[in-house]
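Right, one structure below, let's go through it.
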There are 2 protein chains.
Amino acid sequence: MTYSEENYLKIIYHLSNNSGKGIATNAIANQMESKPSSVTDMVKKLADKGLVRYKKYQGVSLTDEGRFKALMIVRKHRLWEVFLLEKLDFSWDEVHDIAEQLEHIKSEKLTNKLEEFLDFPTEDPHGDPIPDSEGNIKKVDKKLLSEIPAGKKVICVGVKDSSSAFLQYLDKQQIALGSGMEVISKEDFDLSLTIQVNGKPITVSNKIAANLFVKIL
Amino acid sequence: MTYSEENYLKIIYHLSNNSGKGIATNAIANQMESKPSSVTDMVKKLADKGLVRYKKYQGVSLTDEGRFKALMIVRKHRLWEVFLLEKLDFSWDEVHDIAEQLEHIKSEKLTNKLEEFLDFPTEDPHGDPIPDSEGNIKKVDKKLLSEIPAGKKVICVGVKDSSSAFLQYLDKQQIALGSGMEVISKEDFDLSLTIQVNGKPITVSNKIAANLFVKIL
DNA sequence: ACTTAATTTTAGGGGACTCTAAAAATATTT
DNA sequence: AAATATTTTTAGAGTCCCCTAAAATTAAGT
Ligand SMILES: [Mn+2]
Ligand SMILES: [Mn+2]
Ligand SMILES: [Mn+2]
Ligand SMILES: [Mn+2]
């Protein structure tokens, strides 16, 4: 598999909600920052290799083999993120971009040795579960902060967006994985939330709340 | 720089004996396991970018910028080799192939953090010096075992060939970096050597001796 | 010096991946 | 249901990197 094929596969995996329907060409193009016509080409190639199912105009879904390959890339990505944070002292907003490169290194032995070196971590620095070498992945039950009604106490368990910009915003607000928070009120007009964090109330936009995963206590 | 450009640059660096002459197209093609016509194409591209000097039929040499870029790739390659050996318990015959991939990861910060994590190693697992972040590289004085006259006592300080096959042969003979050895005799006919290692005399072919770096005691 | 051999370059082309523009299919509105 | 908008695919082309075959140049042998 080439670098490019791997990126497509991973993005198709990430877009796969178990909604039964195929993933749209457009959705893939947006994530890949490429054009729909490029996606059509690549998707045909992946279908020829048996990694995705594809029918014209019907979207794409992963085969078992494709899903496994995608999971192995996700596994490497997240293990490297842990390595960068834990061993090399990178911050959580820096690790994703470098892991985008490291995830393509091909050596099963390296991946497994790295996992052992890191003491078999189960989550990456952004709260996402790390698949094991057989492709098993823990299903964590988490909700978006934007879906929590006022009055509930929650704990922050993950981020949907791992971009540097978003994570640095969270740092500024002193929100980290494990932070407890309580939803005080929700504004009907713009869906912004007022939440209690670190003893202080702060207001966050819907865009922020829709990128923070929490667990209800 | 692309993956391919980096590999060419590194190979040109490794072929650069300070003999004043340019590196031959054929020599590069052999190392790259590609064809001379492909080399000509790439070399023109590298010349356009100011990384090599090139005149038709005259061979190629690195510019200062090209040499620096090459040194940074060599630096990454060797640091990753140390990481794989020291931290992940790989053996010295396994690290080179994986480092061939890791050397292309682009992040100066990662390279420097890795170097720090490894405690600023000065040599890789095969005895080769590691360039620092400014591109300074230690010139180690070492000779090929094949050039040592009978009677001399030497210590093994490096290997010219880092292939798995050669390194596993050395393991079998219990020859490692730091092994002391004495040249007992040299056969005129095939240039094979009889050397004393680990208290026992063994005979090695010229091909072996021409790939072992030693220092005279 | 002249012939032969080896090296290097050019010419032309193929595969992988991407793009724009146009055509086809599907989805949405009226 | 027809018209319009959106999505998706096709057609054609460009870049990168590699190849083979043929031509040009340089090196070696007699
Ligand atoms: Mn990530
Ligand atoms: Mn990637
Ligand atoms: Mn190496
Ligand atoms: Mn390489």
Side-chain angles (χ1 to χ4, degrees), chain A residues 1-13 15-17 19-62 66 69-70 73 100-101 103-106, chain B residues 1-17 19-62 66 69-70 73 100-101 103-104 106:
Chain A
M1 263 208 300
T2 68
Y3 195 99
S4 190
E5 287 172 343
E6 290 190 342
N7 282 337
Y8 272 94
L9 219 51
K10 193 181 67 155
I11 279 169
I12 295 168
Y13 169 79
L15 290 171
S16 298
N17 358 334
S19 72
K21 278 203 210 166
I23 311 303
T25 303
N26 253 353
I28 299 170
N30 285 337
Q31 289 292 317
M32 280 294 293
E33 295 179 51
S34 68
K35 302 294 166 181
S37 54
S38 306
V39 174
T40 302
D41 278 358
M42 178 57 84
V43 146
K44 283 178 183 170
K45 205 166 55 155
L46 293 173
D48 286 344
K49 293 195 176 187
L51 299 173
V52 303
R53 276 176 293 273
Y54 168 65
K55 277 202 213 101
K56 272 189 193 177
Y57 297 100
Q58 302 306 127
V60 171
S61 62
L62 292 173
K69 292 256 168 72
I73 299 163
E100 276 297 308
Q101 298 181 61
E103 74 191 3
H104 300 289
I105 301 294
K106 284 165 195 50
Chain B
M1 262 207 300
T2 67
Y3 194 99
S4 189
E5 288 172 342
E6 291 190 342
N7 282 336
Y8 272 94
L9 219 52
K10 193 181 66 154
I11 279 168
I12 295 168
Y13 169 79
H14 280 131
L15 290 171
S16 297
N17 1 335
S19 71
K21 279 203 211 169
I23 310 302
T25 303
N26 252 355
I28 298 170
N30 285 337
Q31 289 292 316
M32 280 293 294
E33 295 179 49
S34 67
K35 303 293 166 181
S37 54
S38 306
V39 174
T40 302
D41 279 358
M42 177 58 83
V43 146
K44 283 178 183 170
K45 205 166 54 156
L46 293 173
D48 284 346
K49 294 195 176 187
L51 300 173
V52 301
R53 275 176 294 271
Y54 169 63
K55 278 203 212 100
K56 273 191 193 179
Y57 296 101
Q58 302 305 126
V60 170
S61 62
L62 292 173
K69 291 256 167 73
I73 300 164
E100 277 296 309
Q101 297 181 60
E103 74 190 2
H104 301 287
K106 284 164 194 51

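- In this structure, B:K21 places its NZ atom 14 Å from P of C:dT7, rounding to the nearest Å.
- In this structure, B:Y3 reaches neither bases nor backbone, as no heavy-atom distance under 4.0 Å exists between it and the strands shown.
- When rounded to the nearest whole Å, the span between CD1 of B:I23 and P of C:dT8 equals 11 Å.
- Regarding contacts with the backbone of D:dT10, a side-chain N or O of A:K56 is found under 4.0 angstrom from either OP1 or OP2.
- To the nearest 0.5 angstrom, A:E100 atom CD is 7.0 Å from A:Y3 atom OH.
- As judged by a 4.0 angstrom heavy-atom cut-off over every strand, A:Y8 is placed among residues touching the sugar-phosphate backbone only.
- Within 6.0 Å of atom NZ in A:K21, 12 or fewer heavy atoms from other residues, nucleotides or ligands are found, so the atom counts as exposed in its surroundings.
- The listed nucleotides are D:dT10, D:dT7, C:dT8; the one nearest the side chain of A:N26 is D:dT7.
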Base, backbone or nothing for each nucleotide of nucleotides 19-25 of chain D, written B, S, -, heavy atoms under 4.0 angstrom, 5' to 3'? BB---BS
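- With a 6.0 Å radius and a threshold of 12 heavy atoms from other residues, nucleotides or ligands, B:K49 has its NZ atom above the threshold.
- Within the 4.5 Å cutoff, the side chain of A:V60 has no heavy atoms near those of the A:R53 side chain.
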Apply side-chain contact (heavy atoms from CB on, under 4.5 Å) to B:E5 and B:L9, showing your working. CA-CA 6 Å; B:E5 288 172 342; B:L9 219 52; over 6 Å; no
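- Both A:S4 and A:Q58 lie close to DNA chain C; mapped to their nearest nucleotides by heavy-atom distance, the more 5′-ward contact belongs to A:S4.
- Taking 4.5 Å as the limit, every side-chain heavy atom of A:L46 sits out of range of all side-chain heavy atoms of A:Y54.
- Of the candidate nucleotides C:dT10, D:dT8, D:dT10, D:dT10 has the atom lying nearest to any side-chain atom of A:K44.
- Residue B:D48 contributes atom CG, which lies 11 Å from atom P of D:dC16 at whole-angstrom precision.
- Atom P of nucleotide C:dT9 and atom NZ of B:K55 are separated by 13 Å, given to the nearest angstrom.
- Considering only heavy atoms from C-beta on, A:I28 comes within 4.5 Å of A:I23 through its side chain.
- In this structure, A:N7 atom CG and C:dT18 atom C1' are separated by 14 Å, rounded to whole Å.
- With rounding to whole Å, B:M1 atom CE is found 19 Å from D:dT15 atom C1'.
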